[in-house]
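Down below is the structure, laid out as structure tokens.
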Amino acid sequence: MEITGDEIRRLLTEDQDPRGVRVTGSHITGELDLQDLVVKRPLVLRDCTTEQPVLLSRAHFSQLDLRGLVAPSIQAHGLTVDHDLHLSAARLSAAESVDARQMRIGGSVYLDDGFRAAGSVMLSSSRVAGVVSCRGARIDSTLHLVDVHVGDVIFLSHGCQVTSDGAHAAVRMRGAQVDGQIVLRGGRFTSPGVAVDLRHVKVGKDLLMPFAGIEGQVQLEGLVYEGLPRDATVDEWLTLLATRTPYYSTQPWVQLAAAHSAAGHEQDVRRIRVAAQRDLRRRGQLSRWGRTWHLIRGLTVGHGYRPALALLWLAGVLAVSVGVVLVSGAVRCSAVEQVGYALNVATPLVKVDAARCAVDATSAGGRFVLASTWLLQILAWAFATLFVAGFTGLVRRNA
């Protein structure tokens, strides 16, 4: 069965049947141009084929059902649909398969059940009251969801595949606001560069993002979500943020730590914050001196999150002090008193009575003891100070 594009337009404009127009299994000849057509009634073109682009820009329907459509492309810039837009099982072959920017959809958008686009799909700057569902879809270029506002959930799951050549991220969601969840469970997103761009995305509920399906880098700067991110362990998140993001950014680390802090996972919070500091030293914009001081803080107090390390270093200094005094043979008193003398000269906080000990300053060993204990006392004071600073959080505030 064949029907011309002009006939479909005429049916929509002349026939005022509130049930709208329904065409099933037909080949549409000529150009289907429904641009600027405001009918506010349903249009169903189920399992139809056409060799021309379908033009829907600035049109207005109560419902639009294009399931199973075979066409080069769909141009729907500024389209308005009061209820649902169905594109499930549609197959589009042009380099820009769908241009549906700035749509207003009162219901949901469905690109499910074998939806296939040989080129890009652009839904950017659209407003969708329900869900955007790409379950089982295959897109051989970029899926553009930049600055969309979705009232419920974005499903890029259940076998959804998006592949990019690297010019753009496979999934571009920068600046999106999703009142519900973002679900990437069971999807596969591939790019030689950035696979998923979630910069400045706000998720009102959960983020379900397993990393096994992401082949490429991930951009997460400015991503905000509620609760704990699901489908990936803390270790997987630490690896992702440190090795699979294009550059160092503080905010994704802070967001992850805040999520675990709200859940009461303080041990994980410390791990996240220490890993963030390592990433800062490795990829952050630090001067040579800043990088050196950062390394010292990390080794001594774990950037303020592991202050007990400073106590271990302090214990090491005391052990070295005792060893120097005992081995030198230049301190004149009993072995027990020599230990007390070593602790006395090195320990900044605890004093041990070893007044009967005397150092033979004329010998080489004596001079070594005097010089080394001065250095050891400086180190002991430094480690004690770092412990206090780390314990009180001063190091963290200045990190």
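Note that the structure is predicted; figures quoted are calculated from it, not measured.
- Proximity of Val128 to Leu123: side-chain heavy atoms (C-beta onward) are nowhere separated by under 4.5 Å.
- In terms of modelled atom types and a separation under 3.5 Å, the side chain of Asp165 and the main chain of Ala167 share a donor-acceptor contact.
- Listed for the Arg244 side chain is a donor-acceptor partner under 3.5 Å among the backbone atoms of Gly216.
- From Glu31, atom CD reaches atom CG of Leu55 across 4.5 Å, with rounding to the nearest 0.5 Å.
- Around the CD atom of Glu215, the shell of radius 6.0 Å holds more than 12 heavy atoms that belong to other residues, nucleotides or ligands.
- In the hydrophobic clustering of this structure, Val178 does not group with Leu208; members are Ile, Leu, Val, Met, Phe, Trp, Tyr whose side-chain heavy atoms approach within less than 4.5 Å, directly or through other members.
- A salt bridge does not link Asp6 to Arg9: none of the charged nitrogens lies less than 4.0 Å from a carboxylate oxygen.
- Contact annotation: the side chain of Val196 never approaches that of Met173 to less than 4.5 Å [non-hydrogen atoms, C-beta and beyond].
- Between Asp279 and the choices Trp253, Tyr248, Tyr247, the side chain to side chain donor-acceptor pair (under 3.5 Å) rule is met once, by Trp253.
- Of the possible donor and acceptor atoms, none in the side chain of Asp99 sits under 3.5 Å from a partner among the backbone N and O of Gln75.
- In this structure a side-chain-to-backbone donor-acceptor pair under 3.5 Å is present from Gln251 to Gly222.
- Of all heavy-atom pairs between Val54 and Ala71, the closest is CG2-CB, 4.2 Å.
- Placement of Val131 and Leu111 in two distinct hydrophobic clusters is found when ILVMFWY residues are connected by side-chain heavy-atom separations under 4.5 Å, directly or transitively.
- Both Ile74 and Leu12 are members of a single hydrophobic cluster when ILVMFWY side chains are connected at heavy-atom separations under 4.5 Å.
- Looking only at side-chain heavy atoms (C-beta outward), Leu223 and Val203 come within less than 4.5 Å of each other.
- For CD of Gln267, the number of neighbouring non-hydrogen atoms (other residues, nucleotides, ligands) closer than 6.0 Å is 12 at most.
- Contact of the Asp179 side chain with the His149 side chain is registered, since non-hydrogen atoms from C-beta on lie closer than 4.5 Å.
- With contacts defined as side-chain heavy-atom distances shorter than 4.5 Å, the pair Ser124/Asp147 does not qualify.
- When hydrophobic clusters are built by joining Ile, Leu, Val, Met, Phe, Trp and Tyr residues whose side-chain heavy atoms come closer than 4.5 Å, directly or via intermediates, Leu241 is grouped together with Val234.
- How far CG of Asp152 is from CD of Gln181: 8.0 Å, rounded to the nearest 0.5 Å.
- Taking the six-membered ring for Trp and thresholds of 30 and 60 degrees, His144 and His168 have ring planes more than 60 degrees apart, a perpendicular arrangement.
- If you take CG on Asp197 and CD on Gln219, they are separated by 4.5 Å, rounding to the nearest 0.5 Å.
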ask   = Yes or no on side chain to side chain contact (heavy atoms under 4.5 Å, CB included) for Leu64 and Leu56, after CA distance, side-chain angles and deciding distance?
value = CA-CA 10 Å; Leu64 184 58; Leu56 301 170; 3.8 Å; yes
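- Minimum heavy-atom separation, Arg282 to Thr243: NH2-N, 4.3 Å.
- With hydrogens and angles ignored, the 3.5 Å screen pairs no side-chain donor or acceptor of Arg46 with any backbone N or O of Gly68.
- Taken from OG in Ser249 to CG in Leu220, the straight-line distance is 9.0 Å, to the nearest 0.5 Å.
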key: Stepwise side chain to side chain contact (heavy atoms under 4.5 Å, CB included) check, Phe115 with Val98   = CA-CA 12 Å; Phe115 171 86; Val98 178; 4.2 Å; yes
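- You'll find the side chain of Val150 stays beyond 4.5 Å of the side chain of Leu145, heavy atoms only.
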task = For the pair Ile182 and Met209, evaluate side chain to side chain contact (heavy atoms under 4.5 Å, CB included) and give the outcome as yes or no after the intermediate values.
result = CA-CA 8 Å; Ile182 292 180; Met209 187 170 70; over 6 Å; no
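- Between the Ser125 side chain and the Gln102 main chain, no donor and acceptor come within less than 3.5 Å of each other.
- Looking only at atom types and distance, the side chain of Ser164 has no donor-acceptor partner in the side chain of Arg172 under 3.5 Å away.
- Shortest non-hydrogen contact noted between Ala76 and Met103 is O-CG, 3.8 Å.
- To the nearest 0.5 Å, atoms CD (Glu236) and CG (Leu238) are separated by 10.0 Å.
- Both Val81 and Val21 belong to a common hydrophobic cluster when Ile, Leu, Val, Met, Phe, Trp and Tyr are linked at side-chain heavy-atom distances under 4.5 angstrom.
- With contacts defined as side-chain heavy-atom distances shorter than 4.5 Å, the pair Val162/Leu156 does not qualify.
- Counting heavy atoms from C-beta outward, Val23 and Cys48 have side chains that approach closer than 4.5 Å.
- Contact record, Asp112 with Ser133: OD1-OG, 2.7 Å, taken as the closest heavy-atom pair.
- Residues Asp82 and His60 bring a donor and an acceptor atom of their side chains to less than 3.5 Å of each other.
- Summarising the geometry of Glu226 relative to Gly204, their closest heavy-atom pair is CG-O, 3.0 Å, with the distance given to 0.1 Å.
- Although no hydrogens or angles enter the test, the distance criterion places a donor-acceptor pair under 3.5 Å between the side chain of Ser191 and the main chain of Gly193.
- Around CD of Glu51, the count of heavy atoms belonging to other residues, nucleotides or ligands within 6.0 Å does not exceed 12.
- Atom CZ of Arg116 sits in a crowded spot, with more than 12 heavy atoms from other residues, nucleotides or ligands closer than 6.0 Å.
- Atom NE2 of His77 is surrounded by more than 12 heavy atoms from other residues, nucleotides or ligands within 6.0 Å.
- In plain terms, the two heavy atoms of Pro42 and Pro18 that are nearest each other are CD-O, 3.6 Å.
- Side chain of Ser141 to backbone of Gly119: no donor-acceptor contact under 3.5 angstrom is found.
- Between the side chain of Asp113 and the main chain of Ala89, no donor-acceptor pair closer than 3.5 Å is present.
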ask   = Does the side chain to side chain contact (heavy atoms under 4.5 Å, CB included) test come out yes or no for Leu45 and Thr50, once each step is laid out?
value = CA-CA 11 Å; Leu45 301 177; Thr50 179; over 6 Å; no
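- Residue Asp36 holds its CG atom at 8.0 Å from OG of Ser57, rounded to the nearest 0.5 Å.
- Put simply, the side chain of Thr142 gets close to the backbone of Ala169: a donor and an acceptor are under 3.5 Å apart.
- Note on ring orientation: taking the six-membered ring where Trp is involved, the planes of Tyr225 and Trp237 are tilted (angle from 30° to 60°).
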